[in-house]
Amino acid sequence: MVVCLRNVVLLFTYPRRRKADYFSLFPNGEWPATLSLSLYDELQEYYTSDLFKKDAQPGTALWDVMSHASYLAEPADTLRSLEKKFEHVSGLPVIENETCVGVIAKSDAIQANWKGDVRASMSAPPITCAPNALVVDAAALMLKYKIGRIPVVNSKKKVVGIVSRTDIFTALSSFDGI
């Protein structure tokens, strides 16, 4: 922990950063919760050219790649009542009063043995994106928070779609295939 903080200070004192400087921050490959998002944004900008193929489309808006949210859950729903929905999708936005309040994954329901209600098993508050956010932004959020889907919400926090890892991979792959 102290080493990470010392390295962050060193990184910000150097006018030019080397990739090796960043690697020393994350010896286990995980993003430490104690680091600021400004460093995360800087890393994202620095690595964009290395992470994405030349023909990839990281600048595409989410509304071009998202799926419309056909399946939704409410906090009071039972996990058992979601079984049919989970035959089609692996995660659902949870809405209350037309506002996204969380996300429930099939793995959450399985972990709870399909017992209880959605409120007890959902991830809240949700990590969301606006429809005009970029694919690269959603990909970065998925990596940072280790999530497989992000609800896409309008300015009133109403769910207008959902973007999954598959949607992101499709947008980032080259037209010739990966």
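In what follows, residues are counted from 1 in the order of the sequence shown. The analysis underlying the following values was restricted to heavy atoms, covering all of them including side chains, and did not include hydrogens, waters or symmetry mates.
Side-chain N or O atoms of Asn154 include one that pairs as donor or acceptor with a backbone N or O of Lys156 at under 3.5 Å. A donor-acceptor pair under 3.5 Å is formed between the side chain of Asp117 and the backbone N or O of Ala120.
With sequence neighbours excluded, no residue satisfies side-chain hydrogen bond (donor to acceptor under 3.5 Å, both in side chains) with Ser70. For Ser90, the side-chain hydrogen bond (donor to acceptor under 3.5 Å, both in side chains) partners two or more places apart in sequence, or in a different chain, are Arg149.
Between Leu62 and Val135 the shortest side-chain heavy-atom distance falls below 4.5 Å.
When all heavy atoms of Pro131 and Val160 are compared, the pair lying nearest together is CG-CG2, 3.9 Å.
Hydrophobic cluster membership differs between Val153 and Met142, with clusters built from Ile, Leu, Val, Met, Phe, Trp and Tyr side chains linked at under 4.5 angstrom. Hydrophobic clustering (ILVMFWY, side-chain heavy atoms < 4.5 Å, transitive): Ile162 and Val152 are in distinct clusters.
Under the side-chain hydrogen bond (donor to acceptor under 3.5 Å, both in side chains) criterion, the residue pairs touching residues 118-129 are Glu96-Arg119, with sequence neighbours excluded. A salt bridge (Lys or Arg N to Asp or Glu O under 4.0 Å) check over residues 69-84, counting only residues at least two apart or in different chains, returns the pairs Arg80-Glu83. For residues 157-167, the pairs satisfying side-chain hydrogen bond (donor to acceptor under 3.5 Å, both in side chains) are Ser164-Asp167, with sequence neighbours left out.
Around CG of Asn132, the count of heavy atoms belonging to other residues, nucleotides or ligands within 6.0 Å exceeds 12. Enclosure of atom NE2 in His68 is not indicated, since only 12 or fewer non-hydrogen atoms of other residues, nucleotides or ligands lie within 6.0 angstrom.
Grouped by direct or indirect side-chain proximity (heavy atoms under 4.5 Å, Ile/Leu/Val/Met/Phe/Trp/Tyr only), Val94 sits with Tyr71, Leu79, Leu82, Phe86, Val89, Leu92, Val101, Ile104, Ile110, Trp114, Val118, Met122.
Rounded to the nearest 0.5 Å, atoms CD (Glu98) and CG (Leu72) are 10.5 Å apart. To the nearest 0.5 Å, the span separating CG on Asp137 from SG on Cys129 amounts to 7.0 Å.
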